[in-house]
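Side chains are part of it too, since the values below use all heavy atoms of this structure and drop only hydrogens, waters and symmetry mates. Since the structure is predicted, the reported quantities are computational estimates derived from the model, not experimental observations.
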Amino acid sequence: SALFLPYAELGLIVVDEEHDGSFKQQDGLRYSARDVAVFRASQRGIPIVLGSATPSLESWHNVHSGRYQLLQLNQRAIQDAVLPTINLIDMRRDKTQSGIGDALLRAIQIRLDKKQQSLLFINRRGYAPALMCHQCGWAAGCKRCSGKLVLHLRSKKLRCHLCGSESRIPSACPDCGNLELRPAGHGTQRIEATLAERFPDARILRVDRDSTRNKHAMRDMLTQIHAGEADILVGTQMLAKGHDFPNLTLVGVINADGALYSSDFRAGEKLFAQLMQVSGRAGRADLAGEVLVQTEIPNHPLYGALMRHDFTGYADALLKERKSAGFPPYVYQTWLRFESVKANAVEDFAQLAVKLARDLRAAHPGITVYDAVPAPVARIAGKER
């Protein structure tokens with residue numbers, strides 16, 4: 001929001017991590033802060049620097065087309081620091097203990113012996129993404145949203161990460177009465193519990209939205225890490241970028257494959273950026289860094305490019321795919337989202353919008369209008385989307 005301040009003599013704009021999706025404001029006044037920054041720099045006739053280790057494909061396309069000038073940093077900020085080695089762990093062969101493979105556990109033990117720090121990255125908070133009955137298939141769902149309730153074991157609650165509603169953990173399956181309900185999947189809390197069981201003497205610190213709710217909690221945790229008072233960090237994307245931990249030499253990535261099955265055509269671009277960013281936390285000083293990525297599809301081109309630190313090759317390949325498919329940045333794409341507490345009302349209104357758009361298309365034949373469909377998350381906080 002600093003973009004909207006009335007500067008007396010604005011001379012330069014810098015947008016750090018310009019690829020980050022959080023620059024796009026989705027509530028209230030909707031705008032892309034990065035794009036507004038570019039527009040304002042153009043208005044003022046001043047330079048703008050978009051900084052990123054993994055630029056968005058829109059910015060990368062602007063480099064190729066000559067609209068943007070490319071400036072590259074070919075070495076790390078700290079002298080003698082080198083990029084970490086990135087290796088894949090084939091989870092089809094490696095045994096796991098609650099989501100952590102044996103190879104990753106051995107690597108953590110080596111760091112503990114050397115008194116170095118490790119970071120386990122999993123972009124899912126809570127204990128488990130779902131609570132299920134394996135007898136009848138029931139899963140705890142939110143009454144106000146179309147998503148599953150996340151199990152938070154420490155607070156003994158089921159919590160919706162979409163609307164924030166909470167409920168107690170049922171003692172038995174409400175459908176079949178089965179007393180044995182099991183967590184499905186892994187979250188930061190479950191990974192933390194597994195590590196505490198395997199490494200009882202290690203100092204484990206979990207950094208996610210739940211553990212940093214209190215005032216100054218994040219600041220205090222960062223102070224602990226820099227003071228060497230934590231051996232193993234478990235965190236979400238809050239720890240993936242921007243932090244400099246000199247004694248951190250190992251990054252383990254858990255459950256990265258999930259993003260590859262997304263219906264979002266930008267899923268591969270986002271995952272590659274995320275993995276490159278979290279990999280950059282390892283070996284930032286004079287200690288060599290290693291990154292271990294657990295995957296069941298080790299032959300995926302994304303992982304091959306990641307191991308080579310080859311953003312350029314992967315980005316160019318994605319641009320070719322986007323061009324052949326007719327996706328941004330080679331076309332402009334607008335999504336209209338409709339919400340209502342009544343399903344029939346929102347569907348009727350969306351169909352009307354489609355009809356109006358198709359009527360306009362007669363005067364603009366280059367426009368493609370797609371049918372109205374339910375949103376990927378069709379209901380949030382009681383509103384149909």
Side-chain angles (χ1 to χ4, degrees), residues 15-24 26 32-35 37-38 48-74 83-88 90 121-123 237 240-242 251 253-281 291-335 366-368 370 373 375-376:
V15 182
D16 193 25
E17 310 290 6
E18 66 88 29
H19 66 278
D20 200 303
S22 62
F23 279 124
K24 194 157 188 177
Q26 300 284 7
S32 167
R34 179 197 65 203
D35 295 349
V38 171
I48 178 169
V49 178
L50 306 181
S52 176
T54 53
S56 65
L57 286 192
E58 286 78 12
S59 296
W60 194 244
H61 175 63
N62 285 332
V63 167
H64 282 321
S65 64
R67 188 178 175 193
Y68 290 177
Q69 179 187 0
L70 178 64
L71 302 173
Q72 289 181 294
L73 299 175
N74 296 315
L83 291 172
T85 303
I86 300 177
N87 294 306
L88 305 179
D90 190 342
F121 172 72
I122 177 169
N123 206 20
Q237 57 185 350
K241 58 197 171 190
V251 169
V253 179
I254 298 169
N255 195 30
D257 294 345
L260 294 174
Y261 301 110
S262 170
S263 59
D264 182 3
F265 70 89
R266 288 191 171 93
E269 175 189 358
K270 292 176 181 177
L271 177 61
F272 188 83
Q274 194 174 67
L275 295 181
M276 281 280 282
Q277 293 285 342
V278 75
S279 297
R281 298 317 102 209
V291 180
L292 296 177
V293 181
Q294 296 189 162
T295 175
E296 292 186 356
I297 41 178
N299 295 324
H300 195 285
L302 183 149
Y303 293 128
L306 183 71
M307 291 174 70
R308 299 189 300 272
H309 299 275
D310 184 15
F311 167 79
T312 300
Y314 188 64
D316 289 345
L318 285 182
L319 281 177
K320 286 180 182 177
E321 285 183 11
R322 298 272 183 92
K323 189 172 186 179
S324 64
F327 278 133
Y330 296 97
V331 299
Y332 293 104
Q333 186 182 65
T334 299
W335 289 12
I367 294 176
T368 301
Y370 292 99
V373 295

Next item on the list: Rounded to the nearest 0.5 Å, what's the gap from OH on Y303 to OG1 on T295? Could you check?
Entry: 4.0 Å
Next item on the list: Quick one: list whatever passes ring-ring contact (aromatic ring centres under 6.0 Å, His included) with F265, sequence neighbours left out.
Entry: F327
Check: Can you name the salt bridge (Lys or Arg N to Asp or Glu O under 4.0 Å) partners of E17, sequence neighbours left out?
Finding: none
Notebook entry, point to check: Can you list every pair that meets salt bridge (charged side-chain N to carboxylate O under 4.0 Å, His left out) and has a residue in residues 58-71, with sequence neighbours left out?
Noted result: E58-R266
Next item on the list: Applying salt bridge (Lys or Arg N to Asp or Glu O under 4.0 Å), name anything that partners E321, two or more places apart in sequence or on another chain.
Entry: none
Notebook entry, point to check: Mind checking what makes side chain to side chain contact (heavy atoms under 4.5 Å, CB included) contact with Y261, not counting sequence neighbours?
Noted result: D257, I297
Check: Residues in side chain to side chain contact (heavy atoms under 4.5 Å, CB included) with S262, at least two apart?
Finding: D264, A267
Check: Do other residues, nucleotides or ligands put more than 12 heavy atoms under 6.0 Å from L73 CG?
Finding: no
Checklist line | Shortest non-hydrogen contact between A256 and L271, atoms and distance | finding: O-CD2, 3.6 Å
Notebook entry, point to check: Quick one: are S52 and D20 in side-chain contact, heavy atoms under 4.5 Å?
Noted result: no
Note to self: Measuring from atom CG of L70 to atom OG of S59, what distance do you get when rounded to the nearest 0.5 angstrom?
What the structure shows: 11.0 Å
Notebook entry, point to check: Tell me the side chain to side chain donor-acceptor pair (under 3.5 Å) pairs involving residues 307-318, sequence neighbours left out?
Noted result: W60-D316, H64-D316
Check: Which pair of non-hydrogen atoms, one from G268 and one from L302, has the smallest distance, and what is that distance?
Finding: O-CD1, 3.4 Å
Next item on the list: Using ring-ring contact (aromatic ring centres under 6.0 Å, His included) as the criterion, list what pairs up with H61, not counting sequence neighbours.
Entry: Y330
Notebook entry, point to check: Name the one of L275, V251, N87, L83 that satisfies side-chain contact (heavy atoms from CB on, under 4.5 Å) with V291?
Noted result: V251
Check: If you round to the nearest 0.5 Å, how far is CD of Q294 from CD1 of I254?
Finding: 5.5 Å
Next item on the list: Measure across F311 and A53 and return the closest heavy-atom pair with its distance rounded to 0.1 Å.
Entry: CG-O, 4.3 Å
Margin query: Which residues pass the side chain to side chain contact (heavy atoms under 4.5 Å, CB included) test with A33, not counting sequence neighbours?
Written below: L3, F23, Y31
Item checked: Gap separating the CD atom of Q333 from the OH atom of Y370, nearest 0.5 angstrom -> 7.5 Å
Check: Does any non-hydrogen side-chain atom of L306 lie less than 4.5 Å from one of M276?
Finding: yes
Notebook entry, point to check: Side-chain contact, heavy-atom cut-off 4.5 Å: R281 with F121?
Noted result: no
Next item on the list: Would you list the pairs meeting salt bridge (charged side-chain N to carboxylate O under 4.0 Å, His left out) in which at least one residue belongs to residues 322-332, sequence neighbours left out?
Entry: E269-R322
Notebook entry, point to check: With sequence neighbours excluded, what pairs up with V331 under the side chain to side chain contact (heavy atoms under 4.5 Å, CB included) test?
Noted result: P328
Next item on the list: Taking E18 for its side chain and P55 for its backbone only, find out whether a donor-acceptor pair lies under 3.5 Å.
Entry: no
Item checked: Residues that D35 engages under salt bridge (Lys or Arg N to Asp or Glu O under 4.0 Å), provided they are two or more places apart -> none
